[in-house]
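FYI, the numbering just counts along the sequence from 1. Ligands are counted one by one from 1 in listed order, and the atoms in each one are counted from 1 as well.
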Amino acid sequence: MFTITENNQLTRIKLYIEELFRKDASGHDFEHMKRVAKLAKEIAIDEGADVFITEAAAWLHDVGDYKLFDDPDRALQELSSFLQSLSLTDREINDIENIITKISFSKGNIPETLEGKIVQDADRIDAIGAIGIARTFAFGGAAGQLIYHEKNKNTSIQHFYDKLLTLAELMHTEKGREIAKERHHFMEEFLEQFFTEWDV
Ligand code: ADP
Ligand code: NI
């Protein structure tokens, strides 16, 4: 599917990400990047999108996220130099960087390109379902946030209602919608069970 050069470039991107996110315990670890890259690739093939740009941007999508980096601008500048060192074309660098800066759900942007929309779908899919549930409590714990409290709106359970239960409807692609639907249902069941056990 990829040329030898593209395969080498993706290998180096993967190593770069492994180094950057090795120590994360907020649900944005290397395994998150790996799942998003895999999901994005699958959707890109299904949609007939540019698979190389999609996979590269998926690996890199959380670089420069203000929640994860003390100095996001610097992280993005370093990423730029790294991409230059891979001998990608200016157009490829531009496409990848455009997707990364538009992607975060927290930033509320919708990427213009199909490849960007696919990375956003894949990132959102990894925020829902069983994995999404695990990541939410990992993030909440890392942030010192309560699991749940009837009078406190700053809890991990509240995050389901604020964000996670809205994501399935925001999918851009057919395949994304299909995967999200099942995961959405699983979260609803989890919440139902959670409240049954909470009021034991
Ligand atoms: P992105 O990966 O696009 O940057 P977020 O950073 O908003 O998206 O979310 C990443 C992960 O962190 C998700 O799994 C999400 O559930 C979790 N998360 C983000 N904000 C909160 C919060 N306030 N409470 C619990 N989990 C959160
Ligand atoms: Ni992400």
> What residues form a salt bridge (charged side-chain N to carboxylate O under 4.0 Å, His left out) with E6, not counting sequence neighbours?
Replying inline: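 Salt bridge (charged side-chain N to carboxylate O under 4.0 Å, His left out) check on E6 returns nothing, list empty.
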> Residues two or more places apart in sequence or in another chain: which of them pass salt bridge (charged side-chain N to carboxylate O under 4.0 Å, His left out) with E18?
Replying inline: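 Checked E18 against salt bridge (charged side-chain N to carboxylate O under 4.0 Å, His left out); zero matches.
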>> Can you see whether H28 engages D65 through a side-chain donor-acceptor pair at a distance of less than 3.5 angstrom?
In response: no
> Between the side chains of E189 and Q193, does any donor sit under 3.5 Å from an acceptor?
Replying inline: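 There is no such pair (donor and acceptor under 3.5 Å, judged by atom type) between the side chains of E189 and Q193.
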Using a 3.5 Å cut-off on N or O atoms only, is [X] in polar contact with ligand 1?
{"X": "Q145", "result": "yes"}
{"X": "D65", "result": "yes"}
{"X": "K67", "result": "yes"}

>> Side-chain heavy atoms nearer than 4.5 Å, only ILVMFWY residues, links allowed to pass through others: does that put L68 and I99 together?
In response: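 Yes; tracing contacts between hydrophobic side chains, which count when under 4.5 Å, links both residues.
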> What distance separates K181 NZ from I179 CD1, expressed to the nearest 0.5 Å?
Replying inline: 13.5 Å
> What distance separates E97 CD from T101 OG1, expressed to the nearest 0.5 Å?
Replying inline: 7.5 Å
> What atoms of ligand 1 come closer than 4.0 angstrom to any heavy atom of D123?
Replying inline: 1 (P), 2 (O), 3 (O)
>> Heavy-atom pairs closer than 4.0 Å: do any link ligand 1 to the side chain of I103, the backbone, both, or neither?
In response: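 The answer is neither.
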> Where on D162 is there a heavy atom closer than 4.0 Å to ligand 1, on the side chain, on the backbone, on both, or on neither?
Replying inline: neither
>> Just to check, does K163 reach to within less than 4.0 Å of ligand 1 when the distance is taken from its heavy atoms?
In response: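 For ligand 1, residue contact (heavy atoms, under 4.0 Å) with K163 is present.
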>> Below 4.0 Å from ligand 1: does a non-hydrogen atom of H28 turn up there or not?
In response: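 The answer is yes: ligand 1 sits under 4.0 Å from a heavy atom of H28.
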Under 3.5 Å, which donor-acceptor pairs do the side chains of residues 51-58 form with other protein atoms, sequence neighbours left out?
{"residue": "T54", "atom": "OG1", "partner": "D50", "partner atom": "O", "Å": "2.6"}
{"residue": "E55", "atom": "OE2", "partner": "W59", "partner atom": "NE1", "Å": "3.1"}

> Is there side-chain contact between H159 and L164, with at least one heavy-atom pair below 4.5 Å?
Replying inline: yes
> Is a donor on one side and an acceptor on the other found under 3.5 Å between the side chain of E47 and the backbone of K175?
Replying inline: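 No; judged by distance alone, with no hydrogens or angles, the pair does not exist.
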> Ignoring water, what protein N, O or S atoms are under 2.8 Å from the Ni ion (ligand 2)?
Replying inline: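 Sorted hits: H32 NE2, H61 NE2, D62 OD2, D123 OD1.
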